[in-house]
Protein chains: 2
Amino acid sequence: MSESPKRTKTQLKSHIRAQNQALILTTAERVFARQGLAKTTTQMIADEAGLPKANIHYYYRSKKDLLEAVLESILQLWLDSVSQFNVETGPRYNLTRYISEKLDQSRLNPNASKVFAMALIGEEPFVLEFLRRFFVDELQKEKQTINRWVEQGLMKPVAVEHLFITIWAMTQTYADFDAQVKILLKKDELEESDFDEAKQFVTRMVLLSCGIEDI
Amino acid sequence: MSESPKRTKTQLKSHIRAQNQALILTTAERVFARQGLAKTTTQMIADEAGLPKANIHYYYRSKKDLLEAVLESILQLWLDSVSQFNVETGPRYNLTRYISEKLDQSRLNPNASKVFAMALIGEEPFVLEFLRRFFVDELQKEKQTINRWVEQGLMKPVAVEHLFITIWAMTQTYADFDAQVKILLKKDELEESDFDEAKQFVTRMVLLSCGIEDI
DNA sequence: AAAAAAGTTGAACGATTGGTTAGTTTTGTC
DNA sequence: GACAAAACTAACCAATCGTTCAACTTTTTT
């Protein structure tokens, strides 16, 4: 029952567990993104992971549990990879970086983006709760930073809530509604160059609306 | 077998049909929007319409047929209510009106917006086919109009595809992801004033990015 | 008013799905 | 290598859902 030695043992012992959970999680994320949250069956996930269905339920009691685990991993990734605003480096740099990071994420983790959007449009309580617990505070901070910049005359005053809503909308679209984007762009697959164009377009739009001159 | 009398009779005869189909269609749209496409059962639609389940299937053979009928009515509404660009009235007026109309639609038909978004994110073949058949041509027309305006020096050259993708993204967000918007705006329900603010914000953003001066 | 057509509906069916169980195999520890 | 814990899995179950059907009523047509 001693603390430290037990921990180490548990860590060693559970490498199978960690490995399988990771496999199931990434597989589930992919299948959820492709098939939709409700259409996805635990059998599909099992097949695609090369595991029997009962094994999925051994690690995740219910489909709901599994979905929430997937969502949690997605939201964790989110938190880790989106940097906060830094007052000192000014609005141009921070807004440019923010948009760039968000679009990179849409491009590099399209499955995560899609699952999150599906959960959000379906108003999954888990995701809503997360937004309430985290994003509101986060927005408050960014708002303060932006107000500082406005006071310093580095940018015009803007409706910060709408600014973030629209940035979020524009950047997510390229991952969540990629089928539509592909059709309008007449491409079979979106390439990095398409995302670069989007990056440039969105950044210019946002900077102009903040009264930050074009370079 | 004569033409005109038969038509009139058919119209009279089928008033029950038309009435019930309309009831089922609007109810289905509402339930689909609230529950999600796959989670919605024909029983739910039946209960909410005050009809027995078998009656739903009398008018729409399968759930898939019903969903496609709902989508078709949504897309028809779309076509009827979004006006095309008019070269003569210039970019400022047309872009402003376009954004205003799109946001009005999101506000006045949130269910339609949501069902469409769900079908799109789920890559329903029916919706994709519609976009291919219709929206690509539409975009082409708008592109020509915009090019005319650019030639006339009324606006700066822009990446038209990205312009429409982002306008679409921003305006749809307020209906499709209203749960998120409500949380960020700290409101229980979105009011008309919120949509007006959004209208102003998005319009300003778009006009600035097109090099059209602020009033 | 008779016949035909359209509309209505309870009941049942077949297929699917999430989840369980009970028993087996593997792994880690002494 | 003995023992316990963890991992694994085939078979099964209860519930749900889309769909069908046959009997019945109402409406329309002749």
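Sequence lines set the chain letters: A, B, ... in the order given, protein chains first and strands last, and positions in each chain run from 1.
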Nearest-angstrom distance from the residue atom NE2 of His15(B) to C1' of dT26(D): 11 Å
Residue-level proximity of residues 55-67 of chain A to DNA chain C when a heavy atom falls under 4.0 Å: His57(A), Ser62(A), Lys63(A)
side-chain contact (heavy atoms from CB on, under 4.5 Å), paired with Phe32(A), selected from Thr27(A), Leu71(A), Leu37(A): Leu37(A)
Rounded distance (Å) that lies between atom P of dC8(D) and atom CD of Gln21(A): 11 Å
Spacing between Lys39(B) atom NZ and dT16(D) atom P, to the nearest angstrom: 15 Å
Arg17(A) side chain near dA6(D) phosphate (N/O to OP1/OP2, under 4.0 Å): no
Leu66(B) side chain reached by Ile45(B) side chain, heavy atoms, under 4.5 Å: yes
Gap between atoms CD and C1', on Gln19(A) and dA6(D) respectively (whole Å): 15 Å
N or O in side chain of Asn20(B) less than 4.0 angstrom from dT8(C) OP1/OP2: yes
From CA spacing to verdict: side chain to side chain contact (heavy atoms under 4.5 Å, CB included), Phe135(B), Ile183(A): CA-CA 9 Å; Phe135(B) 255 94; Ile183(A) 290 173; 6.0 Å; no
Protein-nucleotide distance (Leu37(B), atom CG; dG18(D), atom P), rounded to Å: 12 Å
Pairwise 5' ranking along DNA chain C for Ala54(A) and Leu51(B), keeping only the more 5' one: Leu51(B)
NZ/NE/NH1/NH2 to OD/OE distance under 4.0 Å, Arg107(A) and Asp194(A): no
Rounded distance (Å) that lies between atom P of dT8(C) and atom CD1 of Ile24(B): 9 Å
Glu123(A) with Arg34(B): basic N within carboxylate O range, under 4.0 Å: no
Whether Phe164(B) and Tyr98(B) hold their rings parallel, tilted or perpendicular, with breakpoints at 30° and 60°: perpendicular
Heavy atoms from other residues, nucleotides or ligands near CD of Glu72(A) exceed 12 (cutoff 6.0 Å): no
Interatomic distance where CE belongs to Met44(B) and P belongs to dC17(D) [whole Å]: 6 Å
Euclidean distance, atom CD of residue Gln35(A) to atom C1' of dG18(C) [Å, nearest integer]: 17 Å
